[in-house]
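Here is the structure we will look at, set down as structure tokens.
Sequence lines set the chain letters: A, B, ... in the order given, protein chains first and strands last, and positions in each chain run from 1. Values below: every heavy atom of this structure, side chains too, minus hydrogens, waters and symmetry copies.
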2 protein chains.
Amino acid sequence: MSLKEYIQRYINLSEEEYTLFLSYLETQSFAPGAKLLAYEERCQSRFYIKKGCVRMYGYTEKGKEQIYHFGIDNWWISNYESLLNDTPSHLVIEAIEPTEVYCLTSEKFEELCLKIPKIERLFRMIMERAYMAFQKRLEFLFSLSSEEQYRHFIEANAAFTQRVPQYMLASYLGVTPEFISKIRSKM
Amino acid sequence: MSLKEYIQRYINLSEEEYTLFLSYLETQSFAPGAKLLAYEERCQSRFYIKKGCVRMYGYTEKGKEQIYHFGIDNWWISNYESLLNDTPSHLVIEAIEPTEVYCLTSEKFEELCLKIPKIERLFRMIMERAYMAFQKRLEFLFSLSSEEQYRHFIEANAAFTQRVPQYMLASYLGVTPEFISKIRSKM
DNA sequence: GAATATTCTTAATCTAGATTAAGAAGCAAA
DNA sequence: TTTGCTTCTTAATCTAGATTAAGAATATTC
């Protein structure tokens, strides 16, 4: 799915408007391990992942990496705390696979919204969907055991499970790699 | 803080626009225990809490109530899964205190956005803030022990802690009331 | 103000999942 | 084809927080 198709699911843009939209975006490429957003950097952009896979992680009190999000093709990702408050980010966004993104800076975003007000609607809807997904994730987190969460995740994201190493999945689910190993040996 | 003041933090509305806005809202009152959204009901509205306190909860596999959210004065609350997909809600929104809300139905919301396009911007920003708060909550959930989460919560929401019974707080934090009791006896 | 229902506390026991430690696979470089 | 990384597995031990079961406060109702 192209960005154009993605957008059309929410709003209609004319050919000219879409071209204008694209002119506000900057294409960037990242090799595995490269950072879209570094630790302590101020997040200035919303990223749209054209192709690839990224993880967003922070650090626990004991200094261990904790993954909070993954992003794949056709997802928007950003650290909203840093973006909205203009504070240094305690979260890192890092490519796992070779990744190509559109980068929309806050500055460009504001200009774009003035030129094409419908863009506000687009992002209002995107944020509602993202919020919904979060609400759903919280439900699973609280109502399922770790084992059930794992089973549910790999079932709902079969393809995705192949793309990230198991220890990252463990981190995302909030369990240890050893525990995942234990569940898998039972299956 | 009035709704008008709340809105002005995000966008500017003229006196006429604000009056128009209000005309799309319906005021509703709920006694403690009354439901803003019932189990299996399709969620049709976004609720703005003028005054009061509500909880949003679902059920775990064992049939136990699990609280996912609280809402107090000047918060918007809704079940976005049910609202956006028009599906029966598995979450209940229920008043804890006598509560007065503005109810904005999806139908009225769409009309309103056509009349005053700035409203899209308002809700885009509200959703971003809500998403940010969620992102933050997930960070605490994964990086702090249950005890630390409790201590952090009552420190950050001292006033709020007085307003809900302890067993609801326990449910919201994902622990047992007995465990909260244990922590408190240490303090 | 006695009766009843709610909420909170204490303490003993239990368990899901963490921690620790070792080694086994897989994979890349040289 | 060996050396050195990175990832995954197995198994023993440990622990934060759950469960169970009483009882003690606190509200609420009649």
Side-chain angles (χ1 to χ4, degrees), chain A residues 31-34 53 55 57-68 70 92 94-98 138 140-154 158 160-187, chain B residues 31-34 53 55 57-68 70 94-98 138 140-154 157-158 160-187:
Chain A
C53 185
R55 67 187 177 123
Y57 64 90
Y59 296 94
T60 64
E61 308 220 309
K62 290 158 207 146
K64 209 187 60 183
E65 283 179 8
Q66 171 62 51
I67 298 176
Y68 296 112
F70 291 113
V92 175
E94 187 180 292
I96 298 176
E97 301 174 358
L138 196 69
F140 286 127
L141 216 48
F142 277 126
S143 65
L144 302 182
S145 69
S146 293
E147 179 166 347
E148 287 166 327
Q149 280 177 59
Y150 173 74
R151 288 176 193 277
H152 178 271
F153 185 91
I154 57 166
F160 182 74
T161 309
Q162 317 305 110
R163 292 171 70 170
V164 306
Q166 242 161 72
Y167 74 92
M168 286 192 188
L169 230 169
S171 171
Y172 174 82
L173 293 173
V175 300
T176 57
E178 289 85 353
F179 185 62
I180 299 262
S181 226
K182 202 161 152 188
I183 298 169
R184 280 170 59 86
S185 74
K186 285 199 291 186
M187 290 165 74
Chain B
C53 185
R55 67 187 177 124
Y57 64 91
Y59 296 94
T60 65
E61 309 220 308
K62 289 158 209 144
K64 208 187 60 184
E65 283 180 8
Q66 171 63 52
I67 297 176
Y68 296 111
F70 290 113
E94 185 180 295
I96 299 175
E97 299 173 1
L138 196 69
F140 286 126
L141 216 50
F142 277 126
S143 65
L144 302 182
S145 68
S146 293
E147 178 165 348
E148 288 167 327
Q149 281 177 56
Y150 173 73
R151 289 176 192 278
H152 178 272
F153 184 90
I154 57 166
N157 307 280
F160 183 74
T161 309
Q162 318 305 110
R163 293 171 69 171
V164 306
Q166 241 160 74
Y167 73 92
M168 286 193 188
L169 230 170
S171 172
Y172 174 82
L173 292 173
V175 299
T176 57
E178 290 86 351
F179 185 62
I180 299 262
S181 225
K182 202 161 153 188
I183 298 170
R184 280 170 59 87
S185 73
K186 286 200 290 186
M187 290 166 73

Tell me yes or no: between the side chains of B:Tyr59 and B:Gln66, is some donor less than 3.5 Å from an acceptor? no
Among C:dT10, D:dG17, D:dT7, find the nucleotide with the atom closest to the side chain of A:Tyr167. D:dT7
Answer yes or no: does a side-chain N or O of B:Gln166 lie under 4.0 Å from OP1 or OP2 of C:dT6? no
Salt-bridge present (A:Glu97, A:Arg55; N to O < 4.0 Å): no
Side chain of A:Ser146 - closest among C:dT9, D:dT9, C:dG17: C:dG17
Rounded to whole angstrom units, what separation is found between the NZ atom of A:Lys186 and the C1' atom of C:dA16? 10 Å
Applying salt bridge (Lys or Arg N to Asp or Glu O under 4.0 Å) to A:Glu148 and not counting sequence neighbours gives none
Could you identify which residues of residues 173-181 of chain B place a heavy atom less than 4.0 Å from some atom of DNA chain D, listed by residue number, or say none? B:Gly174, B:Val175, B:Thr176, B:Glu178, B:Phe179
In whole Å, what is the span from the CG atom of B:Leu169 to the C1' atom of C:dT9? 16 Å
If only atom types and distance count, is the side chain of A:Ser171 paired as donor or acceptor with the main-chain N or O of A:Ile67 below 3.5 Å? yes
Spacing between B:Lys182 atom NZ and C:dT13 atom P, to the nearest angstrom: 14 Å
So does B:Lys182 pair up with B:Glu147, basic N to acidic O under 4.0 Å? no
Can a side chain N or O of B:Arg184 be found less than 4.0 Å away from OP1 or OP2 on C:dT9? yes
B:Tyr172/B:Phe70 under ring-ring contact (aromatic ring centres under 6.0 Å, His included): CA gap, chis, key distance, verdict: CA-CA 8 Å; B:Tyr172 174 82; B:Phe70 290 113; 5.1 Å; yes
Whole Å only: how far is the CD atom of B:Glu148 from the P atom of D:dT15? 17 Å
Taking atom C1' of D:dG17 as reference, at what distance in whole Å does atom CD1 of B:Ile183 sit? 9 Å
Taken to the nearest whole Å, CD/A:Glu147 to P/C:dA18 is 12 Å
